[in-house]
Every structure is written in C-alpha cells, then in structure tokens.
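Worksheet: the structure to be examined is printed underneath.
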Amino acid sequence: MSMETSSVEKAKEQTTVTVRCTGKIYEGVGKSNFEFEFAGDSLADFLDSFFEAYPVEELVLAAEESEEAASGWADPPDVLPGTWNRNPKGERVRRYARVTVNGRFNEHLDGFRTQLNDGDRVGLMNPFVYCF
C-alpha cells in the first residue's frame, strides 16, 4: 500500500450539505441559505465543524437541562400521543431552537449520530420570541 493511499484512508471524507439558518442563528451567521463542507458524515461532525466556523453554538445547544425547555401554558396529558424522544445529554438543543435534517427534527432520526449525505439539508433554527 502506498503512503498516499494510507493517508487518504485516515482522513475523514468530506460531506457537503445545504444549511438553512433562521432567526437568531441567521443573525449570528450572517447568511441563511448556503452550502457547507465538513469532514465526516454525521450530524455531530457537521455541528463540530459548523460551530468552529461560526460561533453560534450557544444559540443552538443547551449547556444545562434548565436551558432545554420552556414552561407550557397547559399541563401535558398523562399519556402522550405518538412517540416522544429526547436527545441524550450533550445532544440537547436550547428551548425554541431546533436542528433538522431534510425537514425532520434530529431527535426523530438518530440524534447527533444521524448520517448525512452530500446534498442533505440541515436546518438550524432559533426564532425570535417576543412576549408583550
């Protein structure tokens, strides 16, 4: 095996996705619809590279459990309809923020382990919320 082949095998392959940013994340990044290339093929790889390029991690990820949820206006029923998944610790987004892959919330896929392919769409959303 040549030296060139072994170094290529060791390097993570590049994946190119279309990123769509909204609200506060759009303000932090300065653009809303663009392609982004990163080393790897998972949502976690994408987020690591994206946050290195654009310092908006605090707008997306919750550092503590108290940053995850907002109080609701109504009590939830004892039995929740459908399937309710929660991202594991370290993969949780801030209240009101969402991460999507091809229009589906990441917690309905495989969390941050979701595999990404060239051409996939990753949405990073944190809408402006105003209370009067």
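Because the structure is a prediction, the values reported are computed rather than measured.
Separation of atoms CZ (Phe36) and OG1 (Thr18) is listed at 12.5 Å; rounding is to 0.5 Å. Thr16 contributes atom OG1, which lies 11.0 Å from atom CG of Leu116 (distance to the nearest 0.5 angstrom). One finds the CZ atom of Phe105 at 13.5 Å from the OG1 atom of Thr114 (value rounded to the nearest 0.5 Å).
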Which is it for Val101 and Phe46 under the side chain to side chain contact (heavy atoms under 4.5 Å, CB included) test, yes or no, and what are the steps along the way? CA-CA 11 Å; Val101 175; Phe46 163 79; over 6 Å; no

Apply side chain to side chain contact (heavy atoms under 4.5 Å, CB included) to the pair Gln115 and Asp110, showing each step before the final yes or no. CA-CA 8 Å; Gln115 294 297 296; Asp110 198 18; over 6 Å; no

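In this structure, Val56 is a member of the same hydrophobic cluster as Val19, with clusters built from ILVMFWY side-chain heavy atoms closer than 4.5 Å. One hydrophobic cluster, built from ILVMFWY side chains closer than 4.5 Å, cannot hold both Val99 and Met125; they sit in different ones. Cluster membership for Phe34 and Tyr26, using ILVMFWY side-chain heavy atoms within less than 4.5 angstrom, is not shared.
Side-chain contact check for Leu124 versus Leu47: some heavy-atom pair is nearer than 4.5 Å. Side-chain contact between Phe50 and Val60 is absent, with no heavy-atom pair separated by less than 4.5 Å. You'll find the side chain of Phe38 stays beyond 4.5 Å of the side chain of Glu52, heavy atoms only. For the pair Asp118 and Thr15, the minimum side-chain heavy-atom distance is below 4.5 Å.
Looking at every heavy atom in both residues, His108 comes nearest to Arg104 through O-NH2, 3.5 Å. When all heavy atoms of Arg20 and Asn33 are compared, the pair lying nearest together is NE-OD1, 3.2 Å. Nearest approach of Cys21 to Val29, heavy atoms of both residues: SG-CG2, 4.2 Å. A pairwise comparison of heavy atoms in Ala39 and Ser49 identifies N-OG, 4.3 Å as the closest pair.
Scored by the salt bridge (charged side-chain N to carboxylate O under 4.0 Å, His left out) test, Arg98 finds Glu107 as partners (sequence neighbours excluded).
Screening Asp120, Val122, Leu109 for a side-chain contact (heavy atoms from CB on, under 4.5 Å) involving Leu43 leaves a single residue, Val122.
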